[in-house]
There are 2 protein chains.
Amino acid sequence: MDRLSEVFSALADPTRRAILARLAEGEATVNQIAEPFPISLQAVSKHLKVLERAGLISRGREAQWRPCRLDAEPLREVADWIAGYQRFWKQRYDQLGEYLRQLQKDETRPEE
Amino acid sequence: MDRLSEVFSALADPTRRAILARLAEGEATVNQIAEPFPISLQAVSKHLKVLERAGLISRGREAQWRPCRLDAEPLREVADWIAGYQRFWKQRYDQLGEYLRQLQKDETRPEE
DNA sequence: GCCATATTCAACCTACAAGTTGATTAACCG
DNA sequence: CGGTTAATCAACTTGTAGGTTGAATATGGC
């Protein structure tokens with residue numbers, strides 16, 4: 001699977017996005033990460049593996065703990081990809097701006 | 001499925017991203033979209049349905065054709081979500097602001 | 001009305017994603 | 001050493017994603 005697909009696919013799960021949000025607050029062990037979720041530890045472990053394969057997290061080793069930390073590089077790649085489409089919503093925004101400007105002119109301008 | 005998951009999931013397929021890239025060049029019918037791909041028309045039709053459910057495209061009706069057009073709004077939402085993580089790569093790549101501004105200015109079409 | 005074209009619907013196959021439970025590995029602690 | 005805790009591995013189930021082929025629907029041209 002290509003890299004971008006891997007990352008998008010990893011992000012397509014709300015549990016995994018929640019894990020990333022948790023890691024944005026700092027490193028955490030598997031048990032700490034799993035604590036808020038109503039699923040088994042093993043399921044969380046699998047999610048972490050998916051995130052790791054996508055390059056979104058990396059893990060250290062400290063005694064029997066495997067602390068996870070966020071790795072945002074793939075998110076930057078996604079941002080780059082999306083940036084290529086920015087004009088398609090910017091454009092509308094600009095058009096709206098132009099439209100509003102036009103409305104305003106029409107209102108303030110005396111009739112012809 | 002929540003909206004963001006739906007969009008990420010839709011983007012997690014290279015064929016679908018290629019379809020978006022094609023539509024970035026302008027509206028197209030199903031046959032026109034399907035032409036470059038080595039898969040059946042029906043498979044492409046399914047991809048289009050996925051993109052439509054995610055809000056990434058919308059379709060008109062002209063005679064027996066169903067012209068598809070890009071709808072970038074969900075991409076903006078993804079960009080917003082990712083923006084919340086920008087600080088995690090900004091610190092490492094401090095020239096990124098300039099880089100993004102450059103991308104934004106760039107009018108070349110997106111590629112897959 | 002009939003035929004060709006564009007697209008979708010339906011049934012089916014295969015692979016894999018996400019969850020489960022139970023067993024296993026690895027490190028620390030008394 | 002034996003027990004406890006952290007995490008992973010393995011096997012299994014279930015649902016769904018992405019592909020196929022074949023039939024059905026809708027529209028325009030003659």
Side-chain angles (χ1 to χ4, degrees), chain A residues 1-23 26-71 74, chain B residues 1-23 26-70 74 112:
Chain A
M1 184 150 63
D2 65 290
R3 178 157 183 76
L4 211 41
S5 297
E6 194 104 51
V7 177
F8 275 128
S9 174
L11 295 175
D13 184 291
T15 301
R16 286 195 288 264
R17 291 199 304 278
I19 291 174
L20 292 184
R22 165 66 186 81
L23 292 180
E27 289 196 5
T29 69
V30 178
N31 270 288
Q32 288 171 336
I33 292 168
E35 194 270 325
F37 300 106
I39 61 178
S40 71
L41 197 69
Q42 291 93 320
V44 172
S45 187
K46 279 192 189 178
H47 281 306
L48 291 175
K49 203 186 289 183
V50 173
L51 290 170
E52 191 174 26
R53 284 215 64 205
L56 285 160
I57 67 170
S58 49
R59 314 154 99 163
R61 166 154 271 164
E62 271 173 45
Q64 69 268 53
W65 296 277
R66 309 291 314 272
C68 300
R69 89 189 74 86
L70 181 63
D71 190 347
Chain B
M1 183 151 64
D2 65 291
R3 180 159 182 72
L4 212 42
S5 296
E6 193 103 52
V7 177
F8 275 127
S9 174
L11 295 176
D13 184 291
T15 302
R16 286 196 288 266
R17 291 198 306 279
I19 291 175
L20 292 183
R22 166 67 186 81
L23 292 179
E27 289 196 5
T29 69
V30 179
N31 270 291
Q32 289 169 336
I33 292 168
E35 195 270 324
F37 300 106
I39 59 177
S40 72
L41 197 67
Q42 292 94 319
V44 171
S45 188
K46 280 192 188 177
H47 281 307
L48 292 174
K49 201 185 291 182
V50 173
L51 290 170
E52 191 175 26
R53 285 216 61 206
L56 285 161
I57 68 170
S58 50
R59 313 154 100 163
R61 165 154 271 164
E62 272 174 45
Q64 69 269 53
W65 296 276
R66 310 290 315 272
C68 301
R69 89 187 75 85
L70 182 64
E112 176 47 33

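Keep in mind it's a predicted model, so treat the numbers as computed, not measured. Proteins come first, then strands; the chains are lettered A, B, ... in the order of their sequence lines, and each starts at number 1.
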A.B. asks: Scan A:Ser9 against the nucleic acid and name what it touches under 4.0 Å (heavy atoms): base, sugar-phosphate only, or nothing.
C.D. replies: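 Counting heavy atoms under 4.0 Å across all strands, no contact is made by A:Ser9.
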A.B. asks: Taking C-beta and beyond as the side chain, do A:Asp2 and B:Arg17 meet within less than 4.5 Å on heavy atoms?
C.D. replies: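 SC-SC contact between A:Asp2 and B:Arg17 confirmed.
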A.B. asks: Could you tell me if the side chain of B:Cys68 sits less than 4.5 Å from the side chain of B:Glu52, heavy atoms only?
C.D. replies: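 No. Closest side-chain heavy atoms not under 4.5 Å.
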A.B. asks: Could you tell me how far apart A:Arg17 (CZ) and C:dA18 (P) are, to the nearest whole angstrom?
C.D. replies: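 Those two atoms, CZ and P, are 12 Å apart.
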A.B. asks: Ignoring backbone atoms, test whether A:Ser45 places a side-chain nitrogen or oxygen under 4.0 Å from the OP1 or OP2 oxygen of D:dA7.
C.D. replies: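 A:Ser45 to D:dA7 OP1/OP2: no side-chain N or O under 4.0 Å.
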A.B. asks: Would you indicate whether the side-chain heavy atoms of A:Leu56 and A:Ile19 approach each other to under 4.5 Å?
C.D. replies: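 A:Ile19 does not reach A:Leu56 side chain to side chain.
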A.B. asks: Rounding to an integer number of Å, can you tell me how far B:Glu52 CD sits from C:dC9 C1'?
C.D. replies: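 Rounded to whole Å, this separation is 15 Å.
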A.B. asks: With a cut-off of less than 4.0 Å, is there a side-chain N or O of B:Asn31 near OP1 or OP2 of C:dT7?
C.D. replies: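 For C:dT7, OP1/OP2 do have a side-chain N/O of B:Asn31 under 4.0 Å.
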A.B. asks: If you define the side chain from C-beta out and look only at heavy atoms, does anything of A:His47 sit under 4.5 Å from A:Phe37?
C.D. replies: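 No; the side chains remain at least 4.5 Å from each other.
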A.B. asks: Within this structure, what is the CE-to-P distance between B:Met1 and D:dA17, rounded to whole angstrom?
C.D. replies: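 After rounding, the gap between these two atoms is 7 Å.
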A.B. asks: What is the distance, to the nearest angstrom, from the CZ atom on A:Phe8 to the P atom on C:dA17?
C.D. replies: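 So the CZ-P distance, A:Phe8 to C:dA17, works out to 18 Å.
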A.B. asks: Output one letter per nucleotide in nucleotides 19-30 of chain D: B when a protein non-hydrogen atom lies under 4.0 Å from the base, S when only the sugar-phosphate is that close, - when neither is.
C.D. replies: BBBB----BS--
A.B. asks: I need the CD-C1' distance between B:Glu35 and C:dT5, as an integer number of Å.
C.D. replies: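 Distance check: B:Glu35 CD to C:dT5 C1' gives 16 Å.
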A.B. asks: Mind calculating the distance between NZ (A:Lys49) and C1' (C:dA18) to the nearest angstrom?
C.D. replies: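 In whole Å, C:dA18 C1' lies 13 Å from A:Lys49 NZ.
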A.B. asks: When the distance from CD1 of A:Ile33 to C1' of D:dT8 is rounded to whole Å, what number comes out?
C.D. replies: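 Result: 14 Å.
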